Amino acid sequence: MTKVRALFRLVMRDRETGWAFAIAGTTAYVTFLIWGHAHHELWRDEMHCWTVGRLADGFWDLVTGDRSYDGHPPLWYAYLRVWSRITRKAWGLHAATIVAMGFGALLFLRFSPFPRPLKLLLLASYLLGYEYGVLSRPYTLTWAIMVPFCSLFHPLRPRFVWLSILLGLLAITTIFGTIMACAFFVMLIPLGMSASPVSASSRLLTLRIQPRFLIGALILAYALVFFVYSTVPPESNPYSRDWRLGGLDRSDIAGALQRLVYALLPLRHFFDVDYWSVPSLSQYWDQYPTFLTGVGAALAVLMPLALAPSWFQAGGLVVGLTLMSAFMLLRYGGSMRHIGNMFLLFVGACWIQRLSAPHRRHTLSTVLLTIIGLVQLQSFLAAVSEEKTFVFSGAREMATRIEQAGLQDMTIVAGPDPYISAVTGYLDRPFISMETEEINQTVVFHGRRRPFSSKGLANRAATEVRAKHRPVLVLSNQPVPDPGGKLKLTFLWRCEGGNDEALRLYRLAE
Amino acid sequence: MDAIRIVDVATDALSTFRIRGSALRRASLLCDLADALSLSRPRQWRDRARRAYQDAVRRLRAPPAGEAAISQGSATDGDAATADLAALAHGLLREARRPYRRLSRAAAQLAVLAATGLVGLTLLVAVVSRPARDWLFPPDLAAQATWTASSAVPGVPSSGRSPSSDGTLFFHTTAQDHPWVRIDLPRQARVREIRIKNRTDCCAERALPLNIEVPDGDGWRLICQRRAPFSTWSCHPPPTWTRILRITIPGMTYLHLKSVAVYE
């Protein structure tokens with residue numbers, strides 16, 4: 001009986017005193033990530049960040065250059081730029097993601113105060129296992145910075161300056177990272193500020209603020225100013241709608257609650273090629289709309305309740321979730337990668353709560369995290385099986401075939417810009433755009449853009465051939481018409497992607 | 001959960017003291033234990049953990065002064081003794097960290113000294129040697145260059161020497177297709193940087209996209225392209241051997257800039 005009990009205690013241990021478990025868990029996790037990345041073809045928005053980071057003319061250019069139109073803070077691009085100094089090839093992006101997630105997993109397994117099975121379950125969740133682990137996006141860095149923050153957090157020895165530096169970095173990963181940084185800072189308030197009555201009989205309060213807490217607040221404020229400076233695009237992005245400040249109604253509240261369910265309890269069909277998008281997520285839940293809203297409402301109540309009575313932690317979580325929901329309602333609807341930040345925030349808040357009150361059992365948060373983890377495990381398995389079954393973008397195959405045929409040094413005329421940038425990113429070659437007068441490897445999201453047309457693309461390629469008297473490659477996700485006029489358009493091949501990239505390659509010559 | 005945590009830490013601390021562990025690690029474990037104690041509510045577990053803690057402190061080879069008194073005190077009352085234990089543990093941690101602090105302070109001083117020496121030496125070399133000065137602080141080749149614009153609005157020159165202005169612009173083309181300004185450097189140079197200042201009083205967005213080209217056979221070869229708004233843009237092309245640069249906008253517009261500087 002004693003042995004069984006000891007074994008149970010060993011398995012359910014929620015506080016590591018050594019690195020063995022963390023290293024073993026991280027090794028398994030990183031092995032899976034390597035497998036996942038080997039099967040994953042980069043999609044256009046993954047490749048875009050890599051290309052922008054790789055081509056930037058220094059770190060300051062990352063702040064003020066092409067990236068400024070993206071509407072994302074620059075930290076992910078800067079991180080990728082460091083990796084692009086090691087290699088310009090696309091595997092650098094895969095390696096950057098694996099290293100960031102592996103680092104996060106190592107600290108998570110070593111320092112997070114969750115029972116061991118729960119830690120492993122959370123790492124095998126859809127979001128940490130696939131969406132942020134295999135897909136290469138800035139949210140990966142949000143997790144990789146949130147984990148050191150939580151690891152460094154100690155209620156009796158709060159290192160405000162270091163914590164704030166990490167929050168500052170978190171604030172310049174993504175807009176959701178910024179919101180999370182603010183939410184976590186709310187959780188630091190009771191450690192850095194205290195109020196006590198001036199005297200026993202007085203109703204006046206004396207507010208005491210620790211100097212290092214104040215320094216930390218200034219660091220975070222500086223990061224927020226930098227976030228605003230570097231993230232607000234110089235002009236509105238044609239691919240992103242503007243702020244929707246009017247026109248909110250009651251259905252939007254239901255929408256926000258539903259997003260909470262999609263983020264935390266994503267149930268999916270197996271073998272559905274469109275598995276990463278919200279429509280796919282809603283395939284299961286939207287059969288039961290009333291139930292969906294009810295579950296969302298229950299989550300909205302239970303999540304802060306799991307942190308009670310630590311009001312600042314519950315408050316920080318509510319602030320974070322509300323701001324994220326508001327941003328998605330008012331600005332950008334959001335996909336799984338966006339709404340998944342709610343999950344990250346909840347995990348971080350539970351972590352901090354357990355450190356702050358180690359004498360509690362935290363039953364509610366354990367139950368919630370276990371249910372979330374189990375549902376996400378289903379989604380994770382569906383995603384992994386589909387990743388293995390379907391080609392994600394077709395871009396890697398197209399680039400490989402171009403290189404195998406020795407065509408990579410030919411002039412490429414291509415469009416629509418966002419769709420073909422994954423191929424040119426893989427090739428590390430610029431293309432001539434039909435939508436702008438620019439020559440670049442990726443798209444810059446400014447408004448000086450003509451609408452795309454296949455005919456226009458053919459004409460642009462014809463102009464290039466006639467001017468240089470050299471054949472060009474024409475790349476598009478749409479059929480390209482023959483431009484005529486003594487030019488010969490030859491269809492070379494087509495590579496199918498899982499979503500909207502049915503990429504076609506042509507050769508145009510005199 | 002709380003009790004398991006405390007006992008885990010205590011067990012770990014004890015085994016560490018028995019077998020191995022630096023003073024820093026031991027003190028750090030004690031610190032964790034004291035923190036766990038001070039956060040612990042159930043009295044039975046706190047007492048048990050405190051006993052483990054006292055046992056651990058006893059096993060330290062050189063316990064700091066005052067440890068015995070605190071150990072005695074801790075047997076009597078809960079909260080005050082726990083606070084004392086926490087203070088002792090933190091003191092132990094500080095003590096244990098002291099050699100590392102000294103080491104890091106010495107390393108920092110050495111680094112500052114080395115950096116100061118390096119900067120001083122560099123400045124000295126730069127002052128006494130012109131080639132070194134030019135290598136460290138390359139001169140602006142365009143200061144001696146001549147320039148020609150594709151057209152000019154009335155009252156503004158269409159060519160000149162030294163492409164820069166104390167005012168808002170040094171040339172201003174008419175609205176035309178592909179307006180350009182050509183810079184003729186005084187000699188062939190391996191160009192590594194071109195720094196362009198945009199007009200700032202208005203209309204800075206007109207200079208987008210801005211291409212920098214060099215002659216290539218019968219035509220021109222693009223070496224840099226700016227697509228985002230700028231007040232000052234430093235372009236760093238792959239080192240390019242040339243005497244002529246052309247700055248142009250692909251499209252129908254005006255072109256006007258404040259200055260162009262070129263560095264090897």
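Within every chain, numbering begins at 1; the chains are lettered A, B, ... in the order of the sequence lines, protein sequences first and strands thereafter. Only a predicted model underlies this, so the values are computations on that prediction, with no experimental measurement involved.
Classification of D61(A) and R226(B) as a salt-bridged pair holds, one side-chain N sitting under 4.0 Å from a carboxylate O.
How far OG1 of T253(B) is from CZ of R448(A): 10.5 Å, rounded to the nearest 0.5 Å. To the nearest 0.5 angstrom, I439(A) atom CD1 is 6.0 Å from Q225(B) atom CD. Note that NE2 of H236(B) is 5.5 Å distant from CG of D57(A), once rounded to the nearest 0.5 Å.
Counting heavy atoms from C-beta on, the side chains of P229(B) and Y69(A) come closer than 4.5 Å.
Neither the backbone nor the side chain of I249(B) comes within less than 4.5 Å of any heavy atom in chain A. Using a 4.5 Å cut-off between heavy atoms, T64(A) touches chain B through backbone and side chain atoms alike.
Within 6.0 Å of CZ on F21(A) lie more than 12 heavy atoms contributed by other residues, nucleotides or ligands. The neighbour count for W220(B) CH2, taken as heavy atoms of other residues, nucleotides or ligands under 6.0 Å away, is above 12. Shown here is R105(B), whose CZ atom has no more than 12 heavy atoms of other residues, nucleotides or ligands within 6.0 Å. Residue-environment remark: CH2 (W19(A)) exceeds the threshold of 12 foreign heavy atoms within 6.0 Å. Residue-environment remark: NZ (K197(B)) stays at or below the threshold of 12 foreign heavy atoms within 6.0 Å.
Minimum heavy-atom separation, A228(B) to G65(A): CB-O, 3.3 Å.
Counting heavy-atom pairs under 4.5 Å between each of P250(B), S234(B), C224(B) and chain A puts P250(B) at the top. Interface summary for chain B: among E235(A), E437(A), E438(A), the most heavy-atom pairs under 4.5 angstrom belong to E438(A).
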